[in-house]
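Just the heavy atoms: all of them, side chains too, but no hydrogens, waters or symmetry mates, feed the values below.
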Amino acid sequence: MDETGEDVDAFDPNIPEEGPSAPPPGWLDDVHGYQGHKGGEDDNPLYPPPPAYNPQPELNRNTLVPNVRVPTISEDVARDALLKFVESKWRYSSKPARNLTFKELKPITVYRYRLETYTEVRTSAWKFESYNGQPVDGPQYGMSPPPWDIPVSLPQRFTDHVEKVRVPHSSFVKMCHMCSGCGRTRCITCGGRGQKRCTFCRGHGRSRNKRCTALHQRCFLCISCHGHGFKTCSVCHGSQNLLHFILLTVTWKNNVADFIPDRQPDFPDKKFEKVTGDPFFVDESVLVYPIQGFPDQEICDVSTKLINEHLNSFSSTSRILQQRQTIELVPLTHAYYTYSGKDYSFFVYGMENKVFASKYPSACSIL
């Protein structure tokens, strides 16, 4: 008993302790077509599409590609590109770029192959919300449709998008698992007592044979529950019941694989990632087929390899909606020049005429 005559250890036994934050396994009902759910957190079964939903490739089918010319640039274009590059480097002088003498502009054939496979994946998870008398679309209105029979609006092709749909007829109301239907839970800070013992004298009023100086109180009001001993349930927010339902998640993703043959030891291939090329060949269909007869055999080989990899990776877990393969001619010119009697070189690459120069004649700030 404290000085006011109240028992500090007393609490209301009718107010339950906090239960699990998510429904425990076995708490939820089975819904036909969604039996993969076990309940609990991180339970998101993946539903492979039925065989009829995925196209089947035709055997021994190939795609022919037209021939293409390698682009060239003039000395003026190369010089302008180098000047823009120098302007972005505060330590570089523009004088060498203006006064250099070109020896050779050597165009290099660079092809970039790209395969895009646009897929749709469907997963689901149990969700819940406070039940406050809203309509309940439960099994009394019919059987829930299978995951791949639920209609959704397709986004623009080859764009990533996620849509969430509540599965029809999967809803039902159940007592809140956190508060056992009470609407509130015992405060874990004070154990439901509404007060906390003094941390100095532990509620005895004296510490080291002296009267406790902590405001001369044995107990303090619990600031977590404001002295009530309980808190509104954080799951049902006091409604005592929860509306459970299955939420279907539909994910559209554009899976992209790029390939550029590595044949220029003096030029870093990663530079190509930030520039565009001329897509002289574009082949789009539900399924595309390996390229054949192209002058660069390595492009033909990687086309076969990536197409097979995408089919094996995605057809078992997702629905393939569309494929697109492109071949870009990425401009790359190796410019050789002299300045002050010394030889130098730089690369001009991409439709944007970006420049890569490992060495430059001047590294001062004087223009």
Side-chain angles (χ1 to χ4, degrees), residues 63-116 256-283 291 293-303 305-306 324-367:
T63 302
L64 297 177
V65 181
N67 292 326
V68 64
R69 271 188 323 134
V70 179
T72 59
I73 62 172
S74 66
E75 291 186 0
D76 288 340
V77 172
R79 192 186 304 275
D80 288 344
L82 184 60
L83 282 167
K84 289 181 181 178
F85 170 75
V86 169
E87 288 174 0
S88 66
K89 307 291 183 181
W90 68 271
R91 294 177 60 247
Y92 286 1
S93 166
S94 62
K95 183 178 179 181
R98 290 196 302 264
N99 299 325
L100 62 82
T101 301
F102 283 107
K103 294 173 61 179
E104 182 186 5
L105 296 176
K106 182 182 178 181
I108 302 169
T109 304
V110 177
Y111 296 116
R112 173 163 52 202
Y113 175 81
R114 174 175 290 145
L115 176 65
E116 299 169 86
V256 182
D258 283 332
F259 174 79
I260 290 182
D262 185 8
R263 297 171 186 164
Q264 296 300 320
D266 297 329
F267 182 83
D269 287 341
K270 289 188 70 68
K271 295 287 184 182
F272 287 125
E273 296 176 2
K274 297 183 178 181
V275 296
T276 58
D278 176 22
F280 65 91
F281 172 76
V282 180
D283 176 29
I291 291 171
F294 190 64
D296 191 329
Q297 184 58 39
E298 196 170 359
I299 295 294
C300 298
D301 294 342
V302 80
S303 169
K305 175 177 176 288
L306 292 180
R324 180 167 62 196
Q325 60 179 343
T326 59
I327 302 178
E328 288 178 283
L329 183 61
V330 185
L332 179 64
T333 300
H334 200 171
Y336 298 88
Y337 67 95
T338 60
Y339 180 75
S340 296
K342 294 182 180 180
D343 292 333
Y344 300 91
S345 72
F346 64 93
F347 289 91
V348 182
Y349 63 99
M351 301 294 287
E352 298 83 356
N353 288 334
K354 296 287 186 180
V355 166
F356 169 74
S358 58
K359 293 182 179 180
Y360 187 71
S362 176
C364 68
S365 57
I366 301 174
L367 301 179

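- Here the side chains of L306 and Y113 are in contact, with some heavy-atom distance below 4.5 Å.
- The two atoms that bring G277 and P331 nearest to each other are CA-CD, 4.3 Å, heavy atoms only.
- A distance of 11.5 Å separates CZ in F259 from OG in S303, rounded to the nearest 0.5 Å.
- Test I299, I291, L329, T326 against F281 for side-chain contact (heavy atoms from CB on, under 4.5 Å) and you get one pass: I291.
- Relative orientation of the F280 and F294 rings is parallel, given thresholds of 30° and 60° on the angle between their planes.
- Side-chain contact of S94 with E87: a donor-acceptor pair under 3.5 Å is absent, judged by distance alone.
- Scanning all heavy atoms of the two residues, the minimum distance from A335 to F102 falls at CB-CE2, 4.0 Å.
- Rounding to the nearest 0.5 angstrom, the gap separating the CZ atom in F346 from the CG atom in L100 is 6.5 Å.
- Nearest heavy atom pair, residue P261 against residue D269, reads O-OD2, 4.4 Å.
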Problem set entry | Verdict with supporting geometry, D296 and I327, side-chain contact (heavy atoms from CB on, under 4.5 Å) | CA-CA 11 Å; D296 191 329; I327 302 178; over 6 Å; no
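- Each of V348, V275, V110 was scored for a side-chain contact (heavy atoms from CB on, under 4.5 Å) with L332, with one residue passing: V110.
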Exercise. Which is it for E298 and R263 under the side-chain contact (heavy atoms from CB on, under 4.5 Å) test, yes or no, and what are the steps along the way?
Worked result: CA-CA 11 Å; E298 196 170 359; R263 297 171 186 164; 2.8 Å; yes
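- Summarising the geometry, atom CD belonging to Q325 is positioned 10.5 Å from atom CD belonging to E116; distances are rounded to the nearest 0.5 Å.
- Minimum heavy-atom separation, T72 to P107: CG2-CG, 4.0 Å.
- Among residue pairs with one or both ends in residues 327-340, those qualifying as side-chain hydrogen bond (donor to acceptor under 3.5 Å, both in side chains) are R112-E328, H334-Y336, H334-S345; sequence neighbours excluded.
- Contacts of D343 classified as salt bridge (Lys or Arg N to Asp or Glu O under 4.0 Å), with partners at least two apart in sequence or in another chain: K103.
- Taking CG of D278 as the start and CE of M351 as the end, the distance is 5.5 Å to the nearest 0.5 Å.
- Interatomic distance, F356 CZ to D266 CG, rounded to the nearest 0.5 Å: 8.5 Å.
- F272 and F267 have their aromatic ring centers within a separation under 6.0 angstrom.
- Between the NZ atom in K95 and the CG atom in N99 there is a gap of 6.5 Å [rounded to 0.5 Å].
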